[in-house]
**Q** 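One structure coming up, written as structure tokens, with questions to follow.
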Amino acid sequence: METNDKIINGKIHADNLLKKIYPLSVDYIKKYSKKPTLAVVLIGNDPASEVYVKNKIITANKNNINSLKITFSNEVYENILLDKIIELNNNPDVHGILVQLPLPKHISEKLVIQTINPEKDVDGFHPTNYGNLFMGSPSFIPCTPLGCFYMLKKEIPDLTGKNAVIIGRSNIVGKPMASLLLSSNCTVTIAHSKTINLIETCKKADILIAAIGKPEMINEDYIKKNAIIIDVGINRIEQNDLSIKNNKSKLVGDVNYNKVFDIVDKITPVPGGVGPMTIACLMHNTLKAAFLNKKDPFINILESM
Ligand code: NAD
């Protein structure tokens, strides 16, 4: 196998998805004389969140999607934030609402998510959308697991019977990922920080999804030969290589890419794997929200696969 055939290139998958989305946004503008609009709410000045929001807005602008950036200081009162969400819910020109997580400690994430109108919940975290996903009739699917699932289905159209192990049980990644894989007839295990014999569990995986937040924790000991690896982790680590100028830190995943590369069948790199797909799926969900707002049917990417 060529080295490149092993790499699941998230950038290419994302570009292909965006190519499908773009003409739909053109149709929307022709039909309704306005652009689909995404409101992005950013609280505080966490550098990672600022970068994520910036990238989401750049991609929206490139894809005919209007973006509305609303910023609050870290000290904003919870009720002020909730009032803003209600205002966005009631604004007919806003189709999708995203509140960038994590939130400052004094604000209830649960309350914020529950306040977003489920029909504008492009992140798919509202209990209605979350419940629909687990009931097998998904409406808005959280963008990161949707992006992982999209790449997997493109690489292996039939996932039936595969042993899938997800490391991480977060609401944002691990749990919805499990639901998607289950719906594709995988046998699914969710492992987490209290799992006993994590290595043995992972070694049984035909498909291993790492969503841990621990830089390069997964090495060759965890991998079954010819497994497919989706590395969701984004971790910034200090670089010790002083020969690299102006480059004090670098991004790595939860998987030690170099150590597992020869064993795996396919793997997503970090950066350039899951990250670009997450943003492409946000564009997909925003367009979907805009069409649904007009009671106009929208064929979502999973139905068209
Ligand atoms: P989280 O902190 O909410 O969850 C981490 C999970 O990992 C937990 O369920 C925990 O039980 C498990 N875990 C922690 N230590 C473990 C250990 N030693 N062994 C086994 N399991 C362990 O994190 P999250 O929000 O799910 O994100 C996970 C990673 O994915 C982070 O690096 C995050 O930055 C990244 N992420 C990337 C994207 C993207 O677009 N690429 C999106 C969301 C999250």
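For the numbers below, each heavy atom of this structure counts, side chains included, while hydrogens, waters and symmetry mates do not. None of these values were measured; they are calculated from a predicted model. Counting starts at 1 for both ligands and their atoms, following the listed order.
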**Q** As a check for students: among G213, C281, G275, identify the option with a heavy atom nearest to atom 31 (C) of ligand 1.
**A** G213
**Q** Please identify which atoms of ligand 1 are closer than 4.0 Å to at least one heavy atom of H192.
**A** 11 (O), 20 (C), 21 (N), 22 (C)
**Q** Using the side-chain contact (heavy atoms from CB on, under 4.5 Å) rule, take T59 and M283 through it: C-alpha gap first, then chi angles, then the decisive distance, then the call.
**A** CA-CA 8 Å; T59 310; M283 301 304 125; 4.0 Å; yes
**Q** Considering only heavy atoms, does L198 approach ligand 1 within less than 4.0 Å through its side chain, its backbone, both, or neither?
**A** side chain
**Q** Considering only NZ, NE, NH1 and NH2 on the basic side and carboxylate oxygens on the acidic side, decide whether E220 and K259 come within less than 4.0 Å.
**A** no
**Q** Return the closest protein heavy atom for atom 36 (N) of ligand 1 as residue, atom name and distance.
**A** V232 O, 3.6 Å
**Q** Considering the heavy atoms of N235, write down every atom of ligand 1 situated less than 4.0 Å from one of them.
**A** 32 (O)
**Q** Might you work through the side-chain contact (heavy atoms from CB on, under 4.5 Å) test for Q100 and V41, ending with a clear yes or no?
**A** CA-CA 6 Å; Q100 185 65 43; V41 182; over 6 Å; no
**Q** Grab the two heavy atoms, one from S108 and one from E78, that are nearest each other, plus how far apart they are.
**A** N-OE2, 2.7 Å
**Q** Is K288 positioned over the aromatic face of F140, cation under 6.0 angstrom from the ring centre and no more than 45 degrees off axis?
**A** yes
**Q** Quick one: do K11 and D15 make a salt bridge, cutoff under 4.0 Å?
**A** yes
**Q** In ligand 1, which numbered atoms sit nearer than 4.0 Å to a non-hydrogen atom of K214?
**A** 15 (N)
**Q** Here's a test for you: under side chain to side chain contact (heavy atoms under 4.5 Å, CB included), which of N235, I209, V232 qualifies with D254?
**A** N235
**Q** Could you tell me the residue and atom name of the protein heavy atom closest to atom 10 (C) of ligand 1, and the distance to it rounded to 0.1 Å?
**A** S193 N, 4.0 Å
**Q** Of the backbone atoms (N, CA, C, O) and the side-chain heavy atoms from C-beta on, which set of K194 has a member under 4.0 Å from an atom of ligand 1: side chain, backbone, both, or neither?
**A** neither
**Q** Please determine whether side-chain contact (heavy atoms from CB on, under 4.5 Å) holds for the pair L98 and K56, giving the CA-CA distance in whole Å, both sets of side-chain angles, and the decisive distance to 0.1 Å.
**A** CA-CA 10 Å; L98 177 151; K56 286 167 186 175; 4.0 Å; yes
**Q** Would I234 count as being in polar contact with ligand 1, using the rule that some N or O on each side must be under 3.5 angstrom apart?
**A** yes
**Q** Verify whether one side chain among N63 and S25 offers a donor that lies under 3.5 Å from an acceptor in the other.
**A** no
**Q** Indicate, with yes or no, if the rings of Y28 and F291 have centres closer together than 6.0 Å.
**A** yes
**Q** Students should be able to answer this: which protein heavy-atom is nearest to atom 9 (O) of ligand 1, and at what distance?
**A** R169 N, 2.8 Å
**Q** Please lay out, stage by stage, how N129 and S139 fare under the test side-chain hydrogen bond (donor to acceptor under 3.5 Å, both in side chains).
**A** CA-CA 6 Å; N129 290 321; S139 30; 2.8 Å; yes
**Q** List the closest protein heavy-atom neighbour of atom 44 (C) of ligand 1: residue, atom name, distance to the nearest 0.1 Å.
**A** V173 CG2, 4.0 Å
**Q** For atom 39 (C) of ligand 1, state which one of V252, I212, T278, L282 supplies the nearest heavy atom.
**A** T278
**Q** For ligand 1, which atoms sit closer than 4.0 Å to a heavy atom of V274?
**A** 41 (N)
**Q** Under 4.0 angstrom from ligand 1, any heavy atom of A211?
**A** yes
**Q** Does Y52 reach ligand 1 with a nitrogen or oxygen that is under 3.5 Å from one of the ligand's nitrogen or oxygen atoms?
**A** no
**Q** Please state which protein non-hydrogen atom is closest to atom 17 (C) of ligand 1 and give its distance, to 0.1 Å?
**A** M217 CE, 3.9 Å
**Q** Nearest heavy atom to atom 3 (O) of ligand 1 wins, so pick from P215, S170, C143.
**A** S170
